[in-house]
Amino acid sequence: MSVEKVLAISGKPGLYELTIQTRSGFIAVSLVDGKKITVGLRSNVSLLSEISIYTQTGEVKLFEIFGRIARKESNGPAISHKASDPELVAYFSEIVPDYDEDRVYVSDIKKVFSWYNIMQQANMVAVFNGPLQTSSVFEEAEVVEEVVAEEKPKKATKAKAKKEEE
């Protein structure tokens with residue numbers, strides 16, 4: 001399982017892993033129960049690798065926050081997202097001491113802990129303790145297209161060939 005293919009789908013609880021792309025969308029597998037679902041192109045989908053949390057000095061990637069939680073908990077589960085709001089805010093303040101309190105809501109903090117615990121149960125948090133590879137699957141596809149485009153020899157058109165003969 002690749003952490004770069006982990007998705008949050010609006011209107012669906014939990015997290016999903018992108019498995020197969022289809023013409024009308026894609027198929028994702030739930031990290032909670034392993035069930036496959038079909039997701040249409042019109043669904044609001046977010047890659048966790050692209051999500052950041054606002055801080056006083058900028059933004060911090062969600063996977064970096066997961067790494068901080070994993071180091072604090074020794075890859076174990078974090079506080080439950082169902083804990084009281086003051087407990088969640090205090091714990092989150094330990095992890096990200098300079099988070100922007102005006103733009104990061106308690107509901108966002110609950111999602112962070114809920115998503116971390118889902119990934120921890122799926123044995124995916126050990127990745128966050130080491131150096132993170134955040135190259136996107138889409139970036140790799142673009143590089144392949146560029147290499148292929150450079151390798152193809154250009155064909156001379158008929159008009160060009162006639163001009164060269166004259």
task: Please collect all salt bridge (Lys or Arg N to Asp or Glu O under 4.0 Å) contacts where either partner lies in residues 72-84, sequence neighbours excluded, each pair once.
output: K72-E94
- prompt: What pairs meet the salt bridge (Lys or Arg N to Asp or Glu O under 4.0 Å) rule with one or both residues in residues 102-120, with sequence neighbours excluded?
  reply: D85-K110, D100-R103
- line: Residues passing the ring pair (Phe, Tyr, Trp, His ring centres under 6.0 Å) test with Y16, sequence neighbours excluded, are none
- prompt: With sequence neighbours excluded, what pairs up with E87 under the side-chain contact (heavy atoms from CB on, under 4.5 Å) test?
  reply: I79, A83, S84
message: A quick test of your reading: do over 12 heavy atoms of other residues, nucleotides or ligands sit less than 6.0 Å from OH of Y54?
response: no
message: Show me the pairs that pass salt bridge (Lys or Arg N to Asp or Glu O under 4.0 Å) and involve residues 19-41, at least two apart or across chains.
response: none
message: Tell me if the centroids of the rings in Y99 and F92 come within less than 6.0 Å of each other.
response: yes
By ring pair (Phe, Tyr, Trp, His ring centres under 6.0 Å) - contacts of F26 (at least two apart): none
- prompt: Are L18 and I20 grouped together when hydrophobic residues (ILVMFWY) are joined by side-chain heavy atoms under 4.5 angstrom apart?
  reply: no
query: Checking S74 side chain against G76 main chain: does a donor-acceptor pair fall under 3.5 Å?
result: no
task: Indicate yes or no: at least one non-hydrogen side-chain atom of I65 is less than 4.5 angstrom from one of V112.
output: yes
task: For Q121, check side-chain contact (heavy atoms from CB on, under 4.5 Å) against everything at least two apart and list the hits.
output: none
- prompt: Hey, does V104 have a side-chain heavy atom less than 4.5 Å from the side chain of V96?
  reply: no
task: Using the test side-chain contact (heavy atoms from CB on, under 4.5 Å), find all partners of T19 that sit at least two apart in sequence or belong to another chain.
output: I27, V29
message: Does K12 have more than 12 heavy atoms from other residues, nucleotides or ligands lying within 6.0 Å of its NZ?
response: no
- line: For T57, the side-chain contact (heavy atoms from CB on, under 4.5 Å) test, sequence neighbours excluded, returns T55, D98
task: Spell out, as yes or no, whether a donor-acceptor pair under 3.5 Å connects the side chain of S43 to the backbone of V39.
output: no
message: Could you check whether any side-chain N or O of N44 sits under 3.5 Å from a backbone N or O of S10, counting only pairs where one atom can act as donor and the other as acceptor?
response: no
